[in-house]
Protein chains: 2
Amino acid sequence: MDRIRNFGFILKNLERLYTKRFEMLAQELSLTLAQCKALFNLARNQGISQKRLAEICEIEPMTLVRILDRMEADGWVERRPDPNDRRARTLYVTSGATPILEQIDKLSAQMRAEALAGLNAEQRNQLMGLLEHVYQNLVSTKVEPLAAAARPATALPIRKKAQ
Amino acid sequence: MDRIRNFGFILKNLERLYTKRFEMLAQELSLTLAQCKALFNLARNQGISQKRLAEICEIEPMTLVRILDRMEADGWVERRPDPNDRRARTLYVTSGATPILEQIDKLSAQMRAEALAGLNAEQRNQLMGLLEHVYQNLVSTKVEPLAAAARPATALPIRKKAQ
DNA sequence: CTGAGATAGTATCAAGTGATATTATATTTA
DNA sequence: TAAATATAATATCACTTGATACTATCTCAG
């Protein structure tokens, strides 16, 4: 009946499946999806700061710190001092990371092939368009977080964090 | 250009945004999305076992144990012995949880309203259909996990788990 | 120029998740 | 029917993640 009710759930399940599958395929790269994403985005933006890369990847700066720690130790990323700001670092992909980047490319192509199998070009575009639309909707709720908050009729004890 | 390249990333970002927004709205229920999902599914399947509920929710049984621990302590869920199997427990939503369930209903309706704003009924259906399709694709890769594994040209050291 | 506040990166802490092992009980097999 | 195996729930462990606090540095008001 009202299949839309499952929107949130399917989104969550889908994401988990996708990530799991990706990391299974990426096992031999010893990279998580988060790392691949960081490396991929860095490669297209050499010399940017950690703050900026975190923004691009849409993760917390602290999360990125750890991802970079790992990849720096593995020799795929370099942190150089920023000559204009002694607080900041500029980030670079090392030449050693080139084969990794190629692997990531292949991997993501395969992931997309698997995930989008059976959908033609038009459907794929539709899907992306719809997802981008939803994404934008959610981004704007972040900007005005109070706007539409549903107040429950009965106030319940607030806990720091549940589960 | 090739916007499809972002499919994996947008999926992940979307899911995180969605979850975050949901939990912001649900703060006063002191419930996470995972708990809401469990409670919601349990309410529709009173008397089932933990194993079964974990399957329905598509989470690990161990994860469910913890979710139930919390909700049982909060008095919203009951674990009763299974008369036919002394290993198992049967699960019930308590009457006290009724208002919570109503809140969850409202909340998820609002979430969907926010997330799907600007999409007409046809587009919403399209989106769900496409997501379900992708979901099925990924589910089937799980069944035959080796089928299409992309072997990298250069073998890299395998690590237990990366960042 | 100087002090107040902002900002970049990082350490620390609290919480959640999944994998694996464990225990009690069921089921199957010989 | 006794032994071997499977299963439901759970304890424990390892690993992520995000929130918050902290340090060094920058920027801006006065």
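Just so we're clear, the structure is a prediction, and the values are computed from it rather than from any experiment. Below, chain A is the first sequence line, B the second, and so on; all start at residue 1.
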request  = May I have the distance from A:Leu68 (atom CG) to C:dA11 (atom P), rounded to whole angstrom?
outcome  = 12 Å
query = Between C:dG18 atom P and A:Glu23 atom CD, what is the distance in whole Å?
reply = 12 Å
inquiry  = Any donor-acceptor pair, under 3.5 Å, between the side chain of B:Arg66 and the base of C:dG18, if you only look at N and O atoms?
reply    = yes
query = Just how far, in rounded Å, is P of D:dA14 from CZ of A:Arg70?
reply = 17 Å
remark   = In whole angstroms, the gap separating P of D:dC15 from NZ of A:Lys20 amounts to 17 Å
Listed pairs, N/O of protein and of nucleotides 23-26 of chain D, under 3.5 Å:
from	atom 1	to	atom 2	distance (Å)
D:dT25	O2	A:Arg87	NH1	3.4
D:dC26	OP1	A:Arg86	N	2.8
D:dC26	OP2	A:Arg86	NH2	3.4

Side chain A:Arg16 and base C:dG18 donor-acceptor under 3.5 Å = no
ask   = What nucleotide among D:dT17, C:dA11, C:dG9 has an atom nearest to a side-chain atom of A:Ser49?
value = C:dG9
ask   = Which nucleotide in the set C:dG9, D:dA19, D:dA9 lies at the smallest distance from any side-chain heavy atom of A:Arg89?
value = C:dG9
key: Gap between atoms CZ and C1', on A:Arg52 and C:dA8 respectively (whole Å)   = 15 Å
query = Which residue lies toward the 5' end of DNA chain C, A:Ala88 or B:Ile59, if each is placed at its nearest nucleotide?
reply = A:Ala88
inquiry  = For the backbone of B:Arg89 and the side chain of B:Ser49, can you confirm whether one donor and one acceptor N or O come within less than 3.5 Å of each other?
reply    = no
note = Residue set satisfying ring-ring contact (aromatic ring centres under 6.0 Å, His included) with B:Phe22, at least two apart, ordered chain then number -> none
Side-chain polar contacts of residues 38-45 of chain A - donor-acceptor pairs under 3.5 angstrom, sequence neighbours left out - could you list them?
from	atom 1	to	atom 2	distance (Å)
A:Asn41	ND2	A:Lys37	O	3.1
A:Arg44	NH1	A:Phe40	O	3.2
A:Asn45	ND2	A:Asn41	O	2.7

request  = Can you tell me the distance, in whole Å, between the NZ atom of B:Lys51 and the P atom of D:dT10?
outcome  = 14 Å
inquiry  = Distance alone, cut at 3.5 Å: any donor-acceptor contact between the side chains of A:Gln110 and A:Glu114?
reply    = yes
ask   = Given C:dA19, D:dT17, C:dG9, which nucleotide is nearest the side-chain atoms of B:Glu60?
value = C:dA19
query = Does anything in residues 87-134 of chain A pair up under ring-ring contact (aromatic ring centres under 6.0 Å, His included), and if so which pairs, sequence neighbours excluded?
reply = none
request  = Find the distance A:Leu33:CG to C:dG18:P and express it as a whole number of Å.
outcome  = 16 Å
note = Between CG of A:Asp69 and C1' of D:dT16 the distance, given in whole Å, is 14 Å
request  = Specify the residue among A:Pro61 and A:Lys12 whose closest nucleotide of DNA chain C lies further upstream toward the 5′ end.
outcome  = A:Pro61
ask   = Quick one: hydrophobic cluster around B:Met62, which other residues, with the 4.5 Å side-chain cut-off, linked directly or via members?
value = B:Val65
query = Looking at residues at least two apart in the chain, or sitting in another chain, which of them share a side chain to side chain donor-acceptor pair (under 3.5 Å) with A:Arg16?
reply = A:Asn13
